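Working notes, beginning with the structure itself.
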Amino acid sequence: MNEGLRESATFDRATIHAIQRAAATGVYDIRGWGAKRRLPHFDDLLFLGASMSRYPLEGYRERCDTDVVLGTRHARHPLHLDIPVTIAGMSFGALSANAKEALGRGATAAGTSTTTGDGGMTPEERGQSRHLVYQYLPSRYGMNPDDLRKADAIEIVLGQGAKPGGGGMLLGQKVTDRVAGMRTLPVGVDQRSACRHPDWTGPDDLTIKIVELREITDWEKPIYVKVGATRTYYDVKLAVHAGADVVVVDGMQGGTAATQEVFIEHVGIPTLAALPQAVQALQELGVHRKVQLIVSGGIRTGADVAKAIALGADAVAIGTAALIALGDNHPRYDAEYRALGSAAGFFDDFQDGRDPAGITTQDDELADRLDPEEGGRRLANYLRVLTMEAQTIARACGKAHLHHLEPEDLVALTIESAAMARVPLAGTDWIPGRTR
Amino acid sequence: MDPMTVDLAATPVRDLNQALHAPEPEQRWRVRNPRGAHAIACGLTRPLSVEIDGHVGYYCAGMNQHAAVTVNGNAGVGVAENMMSGTVRIRGNTSQSAGATAHGGLLVIEGDAAARCGISMKGVDIVVGGDVGHMSAFMGQAGRLVVCGDAGDALGDSLYEARLYVKGAVKSLGADCVEKPMRDEHLTELAGLLKAAEFDEDPAAFRRYGSARRLYHFKIDNAY
Ligand SMILES: Cc1cc2nc3c(=O)[nH]c(=O)nc-3n(C[C@H](O)[C@H](O)[C@H](O)COP(=O)(O)O)c2cc1C
């Protein structure tokens, strides 16, 4: 290539390709994964670590606890997890039964919970998950009171970070006999999941809906409310008023199985911007750490976990990273990814059902490539690493429990992240918008 | 034997529901003074009979399994939502989203039903003596909705495989919902539904509506 060629920052190669694709097909692009653009994120924060005035704990020797209890507000049986990293809701339909089973196995081995998704609960998943959260979605596909009672917690989904205000879709190639049967739909239709709940509108109705779910399950189970990050401060306040035990806030980086690219990249706010708003709402209501906060959207490392907790989350949830741990985007499938017009490290066609790693597919042959036990082991390993990394940081900050991390332990690298996270720009005492 | 009577003026709904969920509950129940309370008799799992004298609030008989629940009054939003089996009969009118997402059983509304009756229905049979409001059977996947009166705007919008029978006028049909011919099998099916609901209507006076199935596949023409 001629060294003098200059790529346009405005019309970069991906943009040019998108215009060409639109011109050729006349339909917008649908894909999986989350926002791919650069966003202010946890990478823009740093921990200060102990110093003259702070006393550290001995690395991997001194105790640094990691457990979390979710649902202490109203539920008779709150969830007690060993680690504050949970597996986010991903539907059977979007994922293969083997992938769901592997998530259950990995989560259980690491002492945490996993979550169903659109389309209902599979026996594979229930069987292998010690703590299983049952999603209650607008589509109510596969929604069944027997499964509701089998769940350890209930998550009412209002939205997802990847597509706040959007419903879901599952393209026909993934609507196999089993998926269609569970969802009461004709085999092979391009299936839409509703964007609005069918039997309530607005926060006052949600209050009554939560009471109904509690009545049906005899007030045993924690009830979560999941929102995509948008008007987070208000949404969290309304969720608390409606009676939620746990609020889940999913930032715009959050993964999805199938959404319009334009939606993924342009609707919602980053996880980093949403989290402090959620914490502020909880603090103003006097329920911070009483109504637990789970944050998701772009969690990859133990540093991300520690930063989210330091900013006030009680736990985090992971979707994309868990799939990668199972084998998604692995270089061993590079040739097959290329045959699909992608490459290892870039694959995001979760909607398409031809995933060489056997995770986002309903094709039996492809799904068989993922051994649920082996996948579960990899996920458990990864969850342990996240936890150990978070502990390493917490000990360096002198904390005997991950929950002792606090905003005071953090500084920001950029003005944007300082303003969003509400911590000072490194080397200054400046929090834009708060201090002068 | 007289039914077990619970007076909601004196007993919290929570206690009533707990008693109805007990491992070996009484077979027959009578509930007085519901006064619009929410979530009455929801989550039942056994073939009990529960009769409620008065108006109920939201989600009465929600997620019902096997029980027969009768309301001698009106019902609020989402009556019998996500019902799996059993029978729910409302002697008066219902608010919106009656029978929403219900998978099975029979819901009979002797009066009128407001908007979104049978929204996302997944196998339930709903028979309405009067009219239904707008967006009824929206995204209905399976089951049958019978309306002896009129239907409001956008009936059956984005319908999947639910079948709709309306005797009166339909204000407008929603996206992808069309009128379909009444064949013998439909007349027989409808006669059975009317009989089960104990309505004395002539099946021949009804028209049938269903999905044109043009929205089943995502393509340029419907990708908005
Ligand atoms: C394949 C896939 C399927 C998903 N399905 C659902 C779903 O059914 N319900 C839901 O609430 N969120 C769903 N999500 C979103 C996740 O629950 C979670 O919010 C998100 O993945 C978190 O962000 P992360 O992927 O950056 O960790 C899905 C995500 C992925 C990647």
Side-chain angles (χ1 to χ4, degrees), chain A residues 25-30 120 136-149 167 169-173 175 180 182-202 204-220 258 260 351, chain B residues 13-14 16-18 20-21 37-45 57-60 62-65 76-79 81-84 95-103 116 118-123 135 138-139 141-143 158 160-162 211 213 215-224:
Chain A
T25 63
V27 191
Y28 45 47
D29 189 26
I30 297 173
Y136 189 72
L137 295 118
S139 73
R140 312 276 167 88
Y141 289 137
M143 168 51 225
N144 176 326
D146 294 329
D147 290 342
L148 195 70
R149 291 187 196 94
M169 49 178 105
L170 189 68
L171 298 184
Q173 55 271 37
V175 184
M182 277 178 72
R183 299 183 186 214
T184 326
L185 284 171
V187 174
V189 301
D190 290 335
Q191 168 256 275
R192 261 203 66 76
S193 296
C195 64
R196 298 184 297 259
H197 278 270
D199 57 353
W200 59 272
T201 38
D204 296 334
D205 284 7
L206 175 57
T207 311
I208 306 171
K209 177 49 76 176
I210 288 178
V211 168
E212 184 208 7
L213 294 173
R214 290 198 195 280
E215 285 292 327
I216 288 173
T217 54
D218 294 330
W219 293 72
E220 272 180 12
Q260 298 90 337
Q351 81 291 347
Chain B
V13 172
R14 195 164 161 179
L16 167 67
N17 285 336
Q18 293 276 329
L20 294 170
H21 297 170
H38 305 307
I40 296 177
C42 63
L44 305 192
T45 55
Y58 284 40
Y59 311 132
C60 178
M63 301 197 198
N64 186 48
Q65 292 169 290
V77 172
V79 63
E81 67 87 14
N82 216 86
M83 170 159 63
M84 304 301 290
S95 181
Q96 59 177 323
S97 302
T101 77
H103 286 69
R116 302 179 190 86
I119 184 171
S120 285
M121 54 196 286
K122 300 179 198 306
M135 298 294 267
F138 177 64
M139 287 179 104
Q141 295 169 226
S158 306
Y160 289 102
E161 296 293 305
S211 176
R213 304 189 180 96
L215 293 180
Y216 276 18
H217 295 284
F218 180 81
K219 51 182 186 290
I220 295 180
D221 299 336
N222 55 28
Y224 43 78

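All of these numbers come straight from a predicted model, not from anything done at the bench. The sequence lines fix the lettering, A, B, ..., with proteins before strands; numbering per chain opens at 1.
In this structure, OG1 in B/Thr101 is found 11.0 Å from NE2 in A/His197, a value given to the nearest 0.5 Å.
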| Passes side-chain contact (heavy atoms from CB on, under 4.5 Å), B/Met139 versus A/Arg192? Steps please. | CA-CA 9 Å; B/Met139 287 179 104; A/Arg192 261 203 66 76; 3.9 Å; yes
| said: As a quick check of understanding, evaluate side-chain contact (heavy atoms from CB on, under 4.5 Å) for B/Gln65 and A/Asp146, giving each step before the final call. | reply: CA-CA 10 Å; B/Gln65 292 169 290; A/Asp146 294 329; 3.1 Å; yes
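Here the shortest heavy-atom pairing between A/Asp199 and B/Val77 reads O-CG1, 3.5 Å. In plain terms, the two heavy atoms of B/Glu81 and A/Tyr136 that are nearest each other are OE1-OH, 3.7 Å. In terms of heavy atoms, A/Asp190 sits closest to B/Tyr160 at O-OH, 4.5 Å. A/Gly142 approaches B/His103 most closely through the heavy-atom pair N-NE2, 4.4 Å. Pairing each heavy atom of B/His217 with each of A/Gly188, the nearest pair is CE1-O, 3.0 Å.
Contact count versus chain A (heavy atoms, under 4.5 Å) is highest, among B/Glu161, B/Arg116, B/Gln18, for B/Gln18. Ranked by heavy-atom pairs under 4.5 Å with chain A, the first of B/Gly123, B/Cys42, B/Ala98 is B/Cys42. When each of A/Arg149, A/Gln191, A/Met169 is scored by its heavy-atom pairs under 4.5 Å with chain B, the top score falls to A/Arg149. Counting heavy-atom pairs closer than 4.5 Å to chain A, the top-ranked of the candidates B/Asn82, B/Asn17, B/Val13, B/Leu44 is B/Asn82.
Side-chain atoms of B/Gln141 come within 3.5 Å of backbone N or O of A/Thr184 as a donor-acceptor pair.
Residues B/His21 and A/Asp218 form a side-chain contact, since some pair of their non-hydrogen atoms from C-beta on lies under 4.5 Å apart.
Contacts of A/Asp147 classified as salt bridge (Lys or Arg N to Asp or Glu O under 4.0 Å), with partners at least two apart in sequence or in another chain: A/Lys150. Partners of A/Asp204 according to the side chain to side chain contact (heavy atoms under 4.5 Å, CB included) rule, which considers only residues two or more places apart in sequence or in another chain, do not exist here.
Within the 4.5 angstrom heavy-atom criterion, atoms from both the backbone and the side chain of A/Pro198 approach chain B. In this structure, chain A has heavy atoms under 4.5 Å from both the backbone and the side chain of B/Met63. A/Trp219 touches chain B through its side chain: at least one heavy atom from C-beta onward sits under 4.5 Å away, while N, CA, C and O do not. Only the side chain of B/Thr45 has a heavy atom closer than 4.5 Å to any heavy atom of chain A. Using a 4.5 Å cut-off between heavy atoms, A/Ser139 contacts chain B through its backbone alone, with no side-chain atom that close.
Both tests pass for A/Lys209 against the ring of B/Tyr59: distance under 6.0 Å to the centre and angle within 45° of the axis.
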